[in-house]
2 protein chains.
Amino acid sequence: MAKHTNLSTVIQRMEDRGYRVTAPRLAVLAAAADCGDQFSAEELDQRLPRVGRATVFRTLKLLVEMDVLCRVLLDDGSLRYRWSRRGHHHHLVCNECGAVQDFTACDVADLVSELTHRTNFTVEGHWLEVYGRCGTCAHAAPALAALP
Amino acid sequence: MAKHTNLSTVIQRMEDRGYRVTAPRLAVLAAAADCGDQFSAEELDQRLPRVGRATVFRTLKLLVEMDVLCRVLLDDGSLRYRWSRRGHHHHLVCNECGAVQDFTACDVADLVSELTHRTNFTVEGHWLEVYGRCGTCAHAAPALAALP
DNA sequence: ATTAATGCAAATTCTTTGCACTAAA
DNA sequence: TTTAGTGCAAAGAATTTGCATTAAT
């Protein structure tokens, strides 16, 4: 599991919420931890031949609900999971190697309040993903596009 | 089609790009126009019993490529299509009724340049969706959550 | 004991592909 | 004519559901 998350904390939280701490759930958690930074449901399922696919999905959903994991949308539309730093954050996704970095310096708040004033929307949340190339990949092949 | 887009412009662009302007494509275009602001592939397909599902999808992909349509990601993860205002813009999506509003006042540029300096990422693009309640729905049921 | 959680396989949903056929150019 | 585009039906992916069974409490 390494640095990503403290499993016992997750287990604690699971108990607190009244969810049973079962063997399959622990297995999913452990496998997710082994996957490192980010992974797909598929990858996880393959690592867990003894756990049913349905359970993998059910557990993932649970963990997302619990804010343990969060979903990352890749630019190609595919979905992956990754350990969530609790609290509001966004992702810097490398289009080349898929590396994901969090960032919290989210200045969208200003934008949001402006939107609230300018429109009749009540803003409840937002999702921001920034795509590009990580340092390594940027060196390998120079970027083509500019800022959006 | 109404205000969304000028179909003849789309057709023009299609020809310019060397794509054939076929009856099924026009049908999809017309149906999309009739759907109004936004729609799913499914909805579109249902309106077009004479056009194969595959063609609907192929045409949608084409139109997205051509920047005629863009994809909207709903908070529940489902995908819809909507007429694209050309150029950079984002979406204000109502969690209740699904209404989508564009907004272009995108101050993410500052954030992006900051990210560029602070990390070793080369930013190539970003995707921002703001969720909340539109005026109508906000009145019906008061919002629960605050800004992110 | 109770009842939440599981595994399996079947069912869904959404989208793509293969291929013989049709129609733009 | 030539070849892009189509329809169909089948194949795929990704995820969910139904239900009898298992295991946590």
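Residue side chain Arg50(B) does not reach the base of dG7(D) through any donor-acceptor N/O pair under 3.5 Å, judged by distance alone. Judged by distance alone with a 3.5 Å cut-off, a donor-acceptor contact links the side chain of Arg20(A) to the base of dA4(C).
The residue Arg25(B) sits close only to the backbone: its heavy atoms come under 4.0 Å of sugar-phosphate atoms, none of a base.
Nearest to the side chain of Thr22(B), among dA5(C), dT6(D), dC8(C), sits dT6(D).
DNA chain C is contacted by both Glu15(B) and Arg71(B); Arg71(B) maps to the nucleotide lying nearer its 5′ end (nearest heavy atom per residue). Along DNA chain C, the nucleotide nearest Glu42(B) and the nucleotide nearest Ala23(B) are compared for position; the residue whose nucleotide lies closer to the 5' end is Glu42(B). A residue-by-residue look at Gly18(B) and Pro49(B) shows that Gly18(B) has its nearest nucleotide of DNA chain D further toward the 5' end.
Under the 4.0 Å criterion applied to side-chain N and carboxylate O atoms, Arg82(B) and Asp102(B) are assigned as salt-bridge partners.
The phosphate of dC14(C) (OP1 or OP2) has no side-chain N or O of Ser40(B) nearer than 4.0 angstrom. Contact annotation: Thr55(B) side-chain N/O to dG7(D) OP1/OP2 distance is under 4.0 Å. Taking only side-chain nitrogens and oxygens, Arg53(A) never comes nearer than 4.0 Å to OP1 or OP2 of dT15(D). Checking the phosphate oxygens (OP1, OP2) of dT16(D), a side-chain nitrogen or oxygen of Lys61(A) falls inside 4.0 Å.
Atoms CZ (Phe57(B)) and P (dG12(D)) sit 18 Å apart, rounded to a whole Å. To the nearest angstrom, P of dA25(C) lies 17 Å from CZ of Arg17(B). Here dA13(D) presents its C1' atom at 15 Å from CG of Leu79(B), a figure rounded to the nearest Å. Distance Leu63(B) CG to dG5(D) P: 13 Å, rounded to the nearest Å. To the nearest angstrom, P of dA25(C) lies 13 Å from CG of Asp16(B). Leu48(B) has its CG atom 13 Å from the C1' atom of dG7(D), to the nearest Å. In this entry the distance linking CZ of Arg58(B) with C1' of dC14(C) reads 15 Å, nearest Å. What separates OH of Tyr81(A) from P of dA14(D) is a distance of 11 Å, to the nearest Å.
When ring centroids are compared, His126(A) and His90(B) stay outside the 6.0 Å threshold.
No donor-acceptor distance shorter than 3.5 angstrom exists from the side chain of Ser78(B) to the backbone of Leu74(B), with no hydrogens or angles considered.
Note that CE of Met14(A) is 6.0 Å distant from CE of Met66(A), once rounded to the nearest 0.5 Å.
A heavy-atom distance below 4.5 Å is not found between the side chains of Pro24(A) and Arg50(A).
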